[in-house]
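The next block holds one structure in the form of structure tokens; read it before the comments.
The figures here come from the full heavy-atom set of this structure, side chains too, leaving out hydrogens, waters and symmetry mates.
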Amino acid sequence: MNDVHKTDRRCFLARGLAGAAGFGLAYTSIEEEILRAAVAEGRAQPAPETETVPPPRRPAEPLPSPLPTGKIGNVTISRLIIGGNLIGGWAHSRDLIYVSRLFREYNTESKVFETLDLAMACGINTIQLDPACWDVVAKYNRHRNPPIQTIVCVPVIQDRAEMKRVIEQQVERGASCIYSHGGSTDSHFMNGGGLEALAQMLDLIHETGRPAGIGCHSLEVVKACEQAKLPVDFYMKTFHSDRYWSATPKDRRQEFDWMRGNSSDHDANNDNMWCNNPEETAAFMKTVEKPWLAFKVLAAGAIHPQQGFAYAFRNGADFIVVGMFDFQVEMDVRLAIEALNKVGRRERPWYA
């Protein structure tokens, strides 16, 4: 294995489909199963890597004002963080079977450089990153100054030596902050795992001097960590409205259903919803006095950014993590600035 445990889902772009290193999760979507089969049969190939580096790309028009920032520990982070999903090449595309291939074909290494250039030029200074996608980001940072900061996810590993090894690998590659991957954390809880492994992970991250976070989709994870008073520096927790067409009906939502998937039941979760209880989440997060990085705020593309950004910031998120293609970056930054300017006084104080 390479950086961390083997994955079938991560970073088809920079490392290549067959050689990507990451960690296995409990659930893959229909389109990813089909793509995996295509790779095995040799019908799908990753975009080739090149040694050429494109010139920096700049926004077409000046922004109305700078993108605000906050701090986690000693790391200053833009309120809008670019997510790694679209760059990594996996899609949460419900039952569409072509999307991962489309992402991979579009997001060549040069296109990733363009996307990150635009993000940095627009004030986004941080990317949320899976370890399997380090190569393209590390190459970008070798050729750009200043480099883009990284909030890197790691799996929850009970073996202390292995957990320490994985964390130290991320530090060596330049991680600014480190947190437990949401799917890995949820899987750990779903399978009866306790808080000991999370506490151990947090301690090992703190030994490196990096801010340490917990990622999850389940609100129960946050509740358990808060009740146990774990030394969490930030939470990476999903948050989005349920007012979109493909949202799972309320009476069919079940804890951890986003991890299982159920393509045989049209009304069950099948890669279409990641925050089953947004009102309860917003209410509980008011009691959490730590930075909250909200992700999946657009329900993987089902909610317009103008609504999704305002909803997240208004209801307490300190930062939002959003996957963006290059052609979305400028608009998303403008909408984030607009949402932050309009949020006014909110019930949950800013914790970063």
Side-chain angles (χ1 to χ4, degrees), residues 14 53-88 107 111-131 133-153 170-171 173-179 205 208-213 215 233-236 291-295 297 305 309 312-313 317-341 343 350-352:
V53 176
R57 181 173 167 185
R58 297 288 182 255
E61 297 180 6
L63 297 173
S65 61
L67 179 63
T69 61
K71 293 193 76 170
I72 298 178
N74 61 356
V75 184
T76 300
I77 299 172
S78 51
R79 297 282 182 195
L80 175 62
I81 298 165
I82 188 167
N85 273 16
L86 304 193
I87 289 175
N107 269 327
K111 183 58 68 176
V112 173
F113 269 61
E114 288 184 43
T115 304
L116 297 182
D117 281 339
L118 279 172
M120 293 284 282
C122 289
I124 299 174
N125 69 355
T126 306
I127 182 172
Q128 172 272 329
L129 186 68
D130 184 283
C133 297
W134 258 121
D135 279 5
V136 68
V137 175
K139 183 175 180 179
Y140 177 85
N141 281 345
R142 288 195 301 271
H143 292 275
R144 296 292 191 259
N145 188 27
I148 193 164
Q149 298 177 138
T150 54
I151 301 178
V152 185
C153 61
Q170 312 321 311
V171 174
R173 301 213 71 174
S176 308
C177 305
I178 302 174
Y179 73 101
I205 296 172
T208 72
R210 271 44 174 196
D233 294 322
F234 64 93
Y235 287 102
M236 181 82 72
W292 173 20
L293 287 69
F295 72 107
V297 296
F309 294 179
F313 285 129
D318 296 296
F319 304 88
I320 57 175
V321 181
V322 182
M324 293 173 246
F325 289 109
D326 61 314
F327 55 84
Q328 297 173 315
V329 171
E330 291 183 60
M331 180 188 72
D332 283 354
V333 171
R334 292 176 189 279
L335 292 175
I337 292 170
E338 178 183 279
L340 287 161
N341 288 339
V343 72
W350 294 93
Y351 286 105

Looking only at heavy atoms, what is the nearest atom pair of Pro59 and Leu118, with distance? N-CD2, 3.6 Å
With sequence neighbours left out, what residues match Tyr351 under ring pair (Phe, Tyr, Trp, His ring centres under 6.0 Å)? none
Would a distance-only check, ignoring hydrogens and angles, find a side-chain to backbone donor-acceptor pair under 3.5 Å from Asn125 to Thr76? yes
Using atom types as modelled and distance alone, determine if a side-chain donor or acceptor of Asp233 lies under 3.5 Å from a backbone N or O of Ala212. yes
Criterion side chain to side chain contact (heavy atoms under 4.5 Å, CB included) on Asn85 and Phe295, from CA distance to verdict: CA-CA 11 Å; Asn85 273 16; Phe295 72 107; over 6 Å; no
Please check if the side chain of Glu61 supplies one atom and the backbone of Glu330 the other of a donor-acceptor pair under 3.5 Å. no
Under a 4.5 Å cut-off applied to non-hydrogen side-chain atoms, are Ser65 and Asn341 in contact? yes
Quick check: closest heavy atoms across Ile82 and Met324, and the distance to 0.1 Å? CA-CE, 3.8 Å
With Val152, the side chain to side chain contact (heavy atoms under 4.5 Å, CB included) member among Cys133, Ser176, Pro131: Pro131
Tell me, do Ile151 and Met236 make a side-chain contact under 4.5 Å, heavy atoms counted? yes
Of all the heavy-atom pairs spanning Ala312 and Ile320, show the shortest one and how long it is. CB-CG2, 3.7 Å
Just how far is it from atom NZ of Lys139 to atom CZ of Phe113, taken to the nearest 0.5 Å? 5.5 Å
Can you tell me how far CZ of Arg144 sits from CG of Leu116, rounded to the nearest 0.5 angstrom? 9.0 Å
Rounded to the nearest 0.5 Å, the CZ atom of Phe327 sits from the CG atom of Asp332 at a distance of 10.0 Å
Close side-chain approach of Arg173 to Asp135, heavy-atom, < 4.5 Å: yes
Which atoms form the tightest heavy-atom contact between Arg58 and Ala121, and what is the distance? CD-CB, 4.1 Å
Side-chain touch Leu340/Phe313, heavy atoms, less than 4.5 angstrom: yes
Would you call Ile77 and Cys177 a side-chain contact if the rule is heavy atoms closer than 4.5 Å? yes
For the student: nearest non-hydrogen atoms of Cys122 and Val329, plus distance: SG-CG1, 4.3 Å
Quick one: are Gln170 and Trp134 in side-chain contact, heavy atoms under 4.5 Å? yes
For the pair Phe325 and Asn107, evaluate side chain to side chain contact (heavy atoms under 4.5 Å, CB included) and give the outcome as yes or no after the intermediate values. CA-CA 8 Å; Phe325 289 109; Asn107 269 327; 3.7 Å; yes
Do the side chains of Arg334 and Leu63 get nearer than 4.5 Å, heavy atoms only? yes
Taking atom types as modelled, is there a side-chain donor on Tyr140 or Asp117 under 3.5 Å from an acceptor on the other? yes
Look only at the side chain of Thr126 and the backbone of Gln149, and say whether a donor-acceptor pair between them is shorter than 3.5 Å. no
Just jot down the ring pair (Phe, Tyr, Trp, His ring centres under 6.0 Å) partners of Phe234, sequence neighbours excluded, or say none. none
Side chain to side chain, Gln128 and Phe319, heavy atoms closer than 4.5 Å: no
What distance separates Ile81 CD1 from Leu129 CG, expressed to the nearest 0.5 Å? 12.5 Å
Closest contact, heavy atoms only, Leu80 versus Ala336: CD2-CB, 4.0 Å
